[in-house]
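In listed order, ligands and their atoms are each counted from 1. These numbers come from the heavy atoms of this one structure, side chains and all, not from hydrogens, waters or symmetry mates.
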Amino acid sequence: MEVKTGSLNGQHRHVGIVVAKFNQLVTQKLLDGTIATLQQCGVAETDIQVYWVPGAFEIPRIAKLVGETGKVDGVIALGAVVRGATSHYDYVCAQTAAGIAQVSLTSPVPVLFGVLTTDDMAQALDRAGGKAGNKGSECAQGLLEMISVEAQI
Ligand SMILES: O=c1[nH]c(NC[C@H](O)[C@H](O)[C@H](O)CO)c([N+](=O)[O-])c(=O)[nH]1
């Protein structure tokens with residue numbers, strides 16, 4: 001039986017990060033965690049490209065285009081969708097998740113979903129470097145594993 005598993009070796013890896021400006025108090029922390037973890041795993045700062053977009057809904061398009069450049073080995077999508085007074089939250093969550101999922105299946109490189117969908121800002125901050133960890137950091141490790149596993153197929 002052959003078992004393949006991904007490594008966290010980030011040396012010589014090129015990573016694109018697409019991050020939403022909406023709720024930047026949270027998304028900047030997600031981005032910081034992502035970059036810190038990538039560098040801890042050996043990714044050179046010069047091999048990381050960051051693309052800021054207006055909001056989570058705009059992430060899938062840019063993630064698609066970045067993935068198709070041939071300049072990155074993978075893409076991380078970062079955002080924070082926090083429930084408000086209207087049903088807008090539901091539509092943004094659903095379409096952002098569906099859009100990123102579609103891109104992840106059609107992109108030539110792996111695309112990781114690091115968009116927080118929370119009921120309030122406290123929950124979001126907990127997951128952006130607070131007591132529940134950092135979703136961006138998790139995605140950084142996940143992306144390196146995915147790049148490594150795909151290379152073994
Ligand atoms: O990234 C977010 N975008 C949000 N809306 C903007 C959306 O992502 C688009 O940028 C906008 O609809 C224009 O297309 C959010 N809410 O409205 O709640 C949110 O919480 N987070």
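- Taking distance alone, with nitrogen or oxygen atoms compared against 3.5 Å, Val82 approaches ligand 1 more closely than that limit.
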Which side-chain N or O atoms in residues 87-94 pair as donor and acceptor under 3.5 Å with protein atoms at least two apart or in another chain?
none

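- For Phe113, the CZ atom is densely surrounded, since the number of other residues' heavy atoms within 6.0 Å is greater than 12.
- Counting heavy atoms from C-beta on, the side chains of Val15 and Gln49 never come closer than 4.5 Å.
- Protein heavy atom nearest atom 11 (C) of ligand 1, with residue, atom name and distance: Glu58 OE2, 4.1 Å.
- The side chain of Asn23, and not its backbone, has at least one atom closer than 4.0 Å to an atom of ligand 1 (non-hydrogen atoms only; side chain from C-beta on).
- Closest approach of Val103 and Pro60 over heavy atoms only: CG2-O, 3.5 Å.
- Looking only at heavy atoms of the protein, atom 17 (O) of ligand 1 is closest to His88 CD2, 2.9 Å.
- No more than 12 heavy atoms of other residues, nucleotides or ligands shown are found within 6.0 angstrom of CD on Glu45.
- Atoms of ligand 1 found under 4.0 Å from any heavy atom of Val81 (numbered from 1 in listed order, with element): 19 (C), 20 (O), 21 (N).
- Within the set Ala80, Gly55, Gly79, Ala56, the minimum heavy-atom distance to atom 21 (N) of ligand 1 is found for Ala80.
- Taking each of Phe22, Tyr91, Tyr89, Phe57 in turn, the one with a heavy atom nearest to atom 3 (N) of ligand 1 proves to be Phe22.
- In this structure, a donor-acceptor pair under 3.5 Å is present between the side chains of Asp32 and Gln28.
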